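Predicted model, so just to flag it, every value in this text is computed and none were measured.
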Amino acid sequence: MKKLVLSIIAGSAFMVSCGPKSVAVTGPKYTSSEQLAQGKTVFENSCNKCHQLPDPAKHDDQGWIKTLSRMAPKAKLNDDQHQMVYDYLISVNKK
C-alpha cells in the first residue's frame, strides 16, 4: 500500500511539473512592430533561461504552435506572452 501511495504522489508531482499545455495560439494575432518587438523580448528573456534560443526557421507555423504549446507553461508565459512569442517567430520566418 505504501508503494502505491508513493507512486501516486510521484505521478501527481510529475503531472504538475509538466503543467497544462497552453492553447492560446491558433494563428497570428499581434502584427504591429511594437507587439512583435515585445514578442522578441519575451522569447529572448524567457526561453534563454533554460536552453539556447532556437532558430526561428526551425519550425513552420504549425511546428511553432506545437512547440510553444509545450514550452510556454514551462516558461510560465501567460496567454498574451505566448501569442506574442509565436507571432514574433512566424514573422521572422516570413522574411
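Under a 3.5 Å cut-off, the side chain of W64 and the backbone N or O of V85 do not form any donor-acceptor pair.
With sequence neighbours excluded, the residues satisfying ring-ring contact (aromatic ring centres under 6.0 Å, His included) with F43 are Y88.
Taken together through direct or relayed side-chain contacts under 4.5 Å among Ile, Leu, Val, Met, Phe, Trp and Tyr, L89 and Y30 form parts of separate hydrophobic clusters. With hydrophobic clusters built from ILVMFWY side chains whose heavy atoms lie under 4.5 angstrom apart, L68 shares a cluster with I65. In terms of hydrophobic clustering, with Ile, Leu, Val, Met, Phe, Trp and Tyr side chains grouped at heavy-atom distances under 4.5 Å, I90 and L77 are assigned to a common cluster.
Annotation for H82 and A72: closest pair ND1-CB, 3.6 Å, computed over non-hydrogen atoms. For the pair K29 and D87, the tightest heavy-atom approach, listed with the atom from each and the gap, is N-OD2, 3.1 Å. Of all heavy-atom pairs between N93 and A57, the closest is OD1-CA, 3.0 Å. Nearest heavy atoms, K66 versus S69: O-OG, 2.8 Å.
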Enumerate, atom names and distances included, each donor-acceptor pair closer than 3.5 Å involving a side-chain atom of residues 44-54, sequence neighbours excluded.
from : atom 1 : to  : atom 2 : distance (Å)
N45  : ND2    : T41 : O      : 3.3
S46  : OG     : V42 : O      : 3.2

May I have the step-by-step check of side chain to side chain contact (heavy atoms under 4.5 Å, CB included) for Q38 and Q35, ending in yes or no?
CA-CA 5 Å; Q38 285 179 305; Q35 292 165 326; 4.3 Å; yes
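A distance of 8.5 Å separates CG in N78 from CE in M84, rounded to the nearest 0.5 Å.
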